[in-house]
Engineer: 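Below are the structure tokens for one structure; questions will follow.
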Amino acid sequence: MRFDDGITKIKGVGPKSEKLFKALDIDCVGALIYDFPRTYQLYPKPIKKLSGNEGKKVAVRTSLRTNVVVRHTSKMDISTTGCVIGDERLEMIWFRMPYLKSSIKVRTEYVFYGELKAVRENVWQLVQPVVFKPLEYDKLERSPQAVYSLTKGLTNKAIKKAMALCLDDIELTEEYLPADILKKRELWGYHRAMDQMHRPDDMESLTNARRRLVYDEFLKFFITKEMEGAGISAIPNRWSFPETVQYEKVLSNLPFPLTTGQKDTLEDIKKDFSSEVVSQRLLQGDVGSGKTIIAFLAMLMAVENGFQAAIMAPTEVLCRQHERTFADYIKMFDLPYDVICITGSDKGAKRKKLNERAANEGGLFIVGTHALLSDNMNYHSLAVVVTDEQHRFGVKQRKILSQKGQDPHVIVMSATPIPRTLAMILYSDMKISVIKDVPTSRLRTKNAIITKNQRSKAYDFIKKEVSGKHQAYIICPLVEASEKTEAENVTEYAGALEKYYGGEIKIGMLHGRMSPEQKDEVVGDFAEGRTDVLVSTTVVEVGVNVPNATVMLIEDANRFGLAQLHQLRGRVGRGQWQSFCMFVDASEDEESSERLKILAQSNDGFFIASEDLRLRGPGDFYGIRQSGDMDFKLADIYQDADVMREASADAKEITAADPQLKSEESRKIAGYLKKMDTVVYSNL
Ligand code: ADP
Ligand code: MG
């Protein structure tokens, strides 16, 4: 099979399953093997004592004294047997499996695996347990079992089956890295790594497999960056911004004093603007540190001098928000400039008019999504380009805007707390400013970790805040793999909440499957106070700013990475009021509550990232996308910092020796990068 072969090339996958796979964004063989397990399950150690394990999936290792008995009823065959574990009796029962009578032998050890039910005092039951030979179970006990994200109609078993056929196909995962790199970095072969990623023999293999694939991911990132970014940092600066009247006016009339970090950053930017080469600056600042006003002020310097300045944000919701904020500032300070907003949903005559303004009008603020990059966009005089939530945009996109805009100054903003040493590797082509402090006028968000049973208390608390004219976010539970869609899930939750409040509270709903217009309307309603509570998936994570919201309730908090929780929490505590964040911990797992406690302790993104890392052991990497940043499928810039350094160095070496990737060795690498771009990362 080839990477881009359709999924029906796999034996047993027909047009019906093809559709289901598509629903999971898997449209070819390559995309399938890069559909890594959502998590892994380990079979439990066999238990010695039944009591205390009620309701759990357990394994019981024992031999039977009596044969399995089969009863034939009119409906089906029922097989039963029993044994004694310690002084407790265990009954086992199977339906429609009469053959067990001859296959299970007495006085031979087996492992029975299933959910343990209590029947009466000292009597327990396993219904339909799976039967293993002890050796077979030992092996299973060591090997993590892949659990995939599912969609209705597609089972884990079906995915495993299709996956196995691909993994057995050696050509599909032919090695593309030179042998000397594999040796130097002690990396597993591509085929072996891919195989063990999906069906690991044990934890150690999984760790090795993952390390290799993480390396690949970083290598791709850095090679692409080297190739696309070449020369980007030394573009001569042909702009000058001598007029500063409006800028000074805004600066001295801000409704709040700038923090030291904000002031320093602004100085950095001003210096860039008057230097020999154009600015390429990363502006790093924790959630709520006030990056938007800095962007506005930087852009104002250009606009005031008759040029254009644009800010690009990853979602339509964020763009509309920026447009509103900018329009507010323009009005507040009585500035003689306009702001226009261009997104994918602006079409027809409206879009034409916007495009014309962009092409012909100087002294203009421009806000937009990727739409700003489209072929039909031309600019009058783009002098400053800011990208918000930078990780969503690659070097390539920055370059497109640069070219469109006659080499503008570039500022990228990110809320991810990356330690400086790592940032210098990831953004090696940029200068870095960090806003360390958050505005002092703010009260620190108060945190609580609660259990599911305390939820109604949380709802009542939300009600109290709402009656005090504030607003709340509720982040929905994650969809289990996967009975319902995200949309159904959010709708159901909001419906139940509506009932709970008896219609007293106005509830809005937000999820990723809504159209940009719908999303915009929902966020707009919330921002302007037409709804009180916003029930949402994690889509609100990126940059939404509604200072009046003072409560956030996060369901299933134990299942998120700490960095992501920190970003989510950053949606509250943005105004002058005391804010609250409640994490619902649905796990009974001590480790996960330990992690959540870190969040409750601190509101500092850097601290949280480092503590999270400290708490996690080497094998404990799954289900946590720590960085929540940079669209890596596996790699985690914190945890995999070492691999990242290696890949970065290797990428530099490879591209320095062969900048166009022309040699036979490099061509293999280039082929892999291309495959990844079209097959694996195209829909990220
Ligand atoms: P982020 O850095 O997460 O993008 P924003 O720029 O959205 O944060 O700012 C969050 C909120 O803080 C906004 O309502 C903004 O007006 C306000 N803000 C920004 N700077 C300050 C400051 N120095 N003092 C008080 N509030 C500020
Ligand atoms: Mg922001």
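As the structure is a computational prediction, the values presented were derived from the model and not from experiment. Order of listing sets the numbers, starting from 1, for every ligand and every atom in it. Along the sequence shown, residues are numbered consecutively beginning with 1.
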Engineer: Using a 4.0 Å cutoff against the non-hydrogen atoms of Leu258, which atoms of ligand 1 qualify?
Structural biologist: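 Matching atoms, with element in brackets: 23 (N).
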Engineer: For Met413, state whether at least one heavy atom is located under 4.0 Å from any atom of ligand 1.
Structural biologist: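 It does not; every heavy atom stays at 4.0 Å or beyond.
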Engineer: Please determine if Arg320 and Glu323 form a salt bridge, counting it only when a charged side-chain N lies under 4.0 Å from a carboxylate O.
Structural biologist: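 Looking at Arg320 and Glu323, the cut-off is met.
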Engineer: Before accepting this row, confirm whether a basic side-chain N of the pair Asp338/Arg357 lies closer than 4.0 Å to the acidic partner's carboxylate O.
Structural biologist: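 Counted as a salt bridge, because a side-chain N and a carboxylate O are separated by less than 4.0 Å.
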Engineer: Minimum distance, heavy atoms only, to atom 7 (O) of ligand 1: which one of Arg574, Lys291, Gln576, His322 is it?
Structural biologist: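 It is Arg574 whose heavy atom sits nearest to atom 7 (O) of ligand 1.
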Engineer: Would you mind listing which atoms of ligand 1 come within a distance below 4.0 Å of any non-hydrogen atom of Pro257?
Structural biologist: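 Going through ligand 1 atom by atom, the ones under 4.0 Å from Pro257 are 22 (C), 23 (N), 24 (N).
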Engineer: Output yes when the distance from some N or O of ligand 1 to some N or O of Gly285 is under 3.5 Å, and no in every other case.
Structural biologist: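 There is no such contact.
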Engineer: Establish, from distance only, whether the side-chain atoms of Thr343 and Glu316 form a donor-acceptor pair under 3.5 Å.
Structural biologist: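 A pair is found: one side chain offers a donor N or O, the other an acceptor, under 3.5 Å apart.
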Engineer: Number the atoms of ligand 1 from 1 as they appear, then name those within less than 4.0 Å of a heavy atom of Ser289, with their elements.
Structural biologist: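 The list of qualifying atoms is 2 (O).
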Engineer: Does the gap between the ring centers of Tyr473 and Phe526 come in under 6.0 Å?
Structural biologist: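 Yes.
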Engineer: Could you list which atoms of ligand 1 come closer than 4.0 Å to a heavy atom of Thr292?
Structural biologist: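 This gives 4 (O), 5 (P), 6 (O), 7 (O) as the contact atoms.
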Engineer: Do any N/O atoms on Gly288 end up under 3.5 angstrom from N/O atoms on ligand 1?
Structural biologist: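 Yes; at least one N/O pair falls below 3.5 Å.
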Engineer: Using 4.0 Å as the upper bound for N to carboxylate O, is an ion pair formed by Asp556 and Arg559?
Structural biologist: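 Result for this pair is yes, salt bridge flagged.
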Engineer: Check each atom of ligand 1 against the heavy atoms of Thr259 and keep those under 4.0 Å away; list them by number with element.
Structural biologist: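 The atoms of ligand 1 under 4.0 Å from a heavy atom of Thr259 are 23 (N).
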Engineer: Considering non-hydrogen atoms only, spot the tightest contact between Glu217 and Leu634 and give its length.
Structural biologist: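 So the minimum-distance heavy-atom pair works out to OE1-N, 3.0 Å.
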Engineer: Of the non-hydrogen atoms in Asp268 and Arg281, which two are nearest, and what is the gap between them?
Structural biologist: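 Scanning both residues, the minimum pair turns out to be CB-CZ, 3.6 Å.
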